[in-house]
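Structure record follows, encoded as structure tokens.
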There are 2 protein chains.
Amino acid sequence: MKQIRVLLIEDHFLARMALHSVLSGHPQIKIIGEAGDGESGISMYRQLRPDVVVLDLRLPRISGFDVITQLRKEFSSVRIVVLSNYQGSEDIYRAVHSGAMAYLTKDASGEELLNAIQNVDRGLRYLPHVALDRLAQRMPAVELTPREKEVLVCITKGRSNREIAEDLNIAEKTVRIHVSSVLDKMGARDRTQATIYALQRGLVHLE
Amino acid sequence: MKQIRVLLIEDHFLARMALHSVLSGHPQIKIIGEAGDGESGISMYRQLRPDVVVLDLRLPRISGFDVITQLRKEFSSVRIVVLSNYQGSEDIYRAVHSGAMAYLTKDASGEELLNAIQNVDRGLRYLPHVALDRLAQRMPAVELTPREKEVLVCITKGRSNREIAEDLNIAEKTVRIHVSSVLDKMGARDRTQATIYALQRGLVHLE
DNA sequence: CCCCGTATAGGACATATGGCCCTTGTCTTT
DNA sequence: AAAGACAAGGGCCATATGTCCTATACGGGG
């Protein structure tokens, strides 16, 4: 029976231990490598050519998204299972559209993880109901323009229109325009709601 | 050599596996029970009387804080190590003041966890620098009154002053008063900043 | 009994915010 | 060449937000 060769890319020690003990208990899985950050994860992929990568999205230095993009560029057939703490629609969307084949949150069960890995190894997607719901819920995906994203980030930092104008070296009038379209596109009534939605959807993150 | 008898209270399967594999690998630790929610955790404590409890703060149904409070009421000498995803000062503060002896985040190393358990078993506190920093940082802890907390919660849900007035059945004028003192006490300039701070400090949580 | 904290609320006021109108200039796509 | 998206900005205006001052009422602690 063919074993699925798995590479773990996960910075949290405890989470790595968890994955290790769940997966190594299963005869069909063989963990052939573990990386604690994106760069070493990528270079281990180059050397080991695993069947499936299990990837955390929040990594030090470079993000999980970057890892997906980079791996897809070099190895278009790479099979990636994303394992994230965040269930914001934006993270799911970005991960799937970067080329991830599965998206699990860290409250997943062992079976779910196993199923995901097996499916992904066969080239099939694996998205739990929650993830699909979030994606659908996001669907009215009115994309923000780059400038609007910048403005949104400022808003979620608690900056006033005037301050944003100074930050971006534009007139406050222009900031208002951008704020208006951001609110419109996000379905928010004011900047506080926009901030909450942006955080919920994973468009921005705290700290 | 005396073994430390540990009870795990943690709802996430993967996290339980992680704790299990980290701790059971160490000869000085013996896991004598695992619970997936607060109620069963408390009843297992009554039966097993472990030396140390390792507790997650986010649990289904009743919170980790409630577990701490309840256990402290019945067993004043209970030794609790809190393991949380959240590093907001409010969570740390509430956990420590409820009677937790240690506070670790889930990016902790194996050694840290082990040290924490050993210290706590001997009746000593174990708070990493980060946790102490957060506590200190919180210190200008101007307590919000009950009403102000209610108002703050409404604010962080994106409600307008008028809506809050309807929610709480008071005049909008009164809401403004409460909002003002909330902003003042939190050092925020407007409701958006208050929302951000409240989330960062763990005073409220999303979803 | 009086003071303080809390919750309630009115009046007045300055400013921030957000909506609606319109214009200009630069790119890209058709 | 025309159409469309994006960025920048002016003018006008209604309303939301937040502050200051004053006042009433309830409750507990000194």
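All chains are named by letter (A, B, ...) in the order of the sequence lines, taking the proteins before the strands, and each is independently numbered beginning at 1. The model shown is predicted, which means the values in this text are computed figures rather than measured ones.
Evaluation of the side chain to side chain donor-acceptor pair (under 3.5 Å) rule for A:Gln118 yields A:Gln28 as partners, not counting sequence neighbours.
Comparing the end axes of the helix from C:dC1-D:dG30 to C:dT30-D:dA1, each fitted to five base pairs by superposing C1' atoms of four pairs onto the next four, gives an inter-axis angle of 30° (nearest 10 degrees).
Here B:Thr174 contributes atom OG1 and B:Ile164 contributes atom CD1; the two are 12.0 Å apart, rounded to the nearest 0.5 Å. Interatomic distance, A:Gln193 CD to B:Thr156 OG1, rounded to the nearest 0.5 Å: 11.5 Å. Note: B:Arg201 CZ to B:Asp91 CG = 13.5 Å, rounded to the nearest 0.5 Å.
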**OP:** Let me see the working for A:Thr69 and A:Asp66 under side chain to side chain donor-acceptor pair (under 3.5 Å), right down to the final yes or no.
**Re:** CA-CA 5 Å; A:Thr69 311; A:Asp66 298 333; 5.3 Å; no
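In this structure, A:Ile155 and A:Glu150 have side chains that are not in contact, with every pair of non-hydrogen atoms separated by 4.5 Å or more.
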**OP:** Give the B/S/- string for nucleotides 5-22 of chain C, one per nucleotide from 5' to 3', where a protein heavy atom under 4.0 Å of the base yields B, of only the sugar-phosphate yields S, and otherwise -.
**Re:** -SSBBBBB---SBBB---
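For the pair A:Gln193 CD and D:dA16 P, the computed distance is 13 Å after rounding to whole Å.
Residues B:Asp184 and B:Ser181 have side chains that never bring a donor and an acceptor to within less than 3.5 angstrom of each other.
Taking the six-membered ring where tryptophan is involved, the planes of B:Phe75 and B:Tyr45 are tilted, since the angle between them lies from 30° to 60°.
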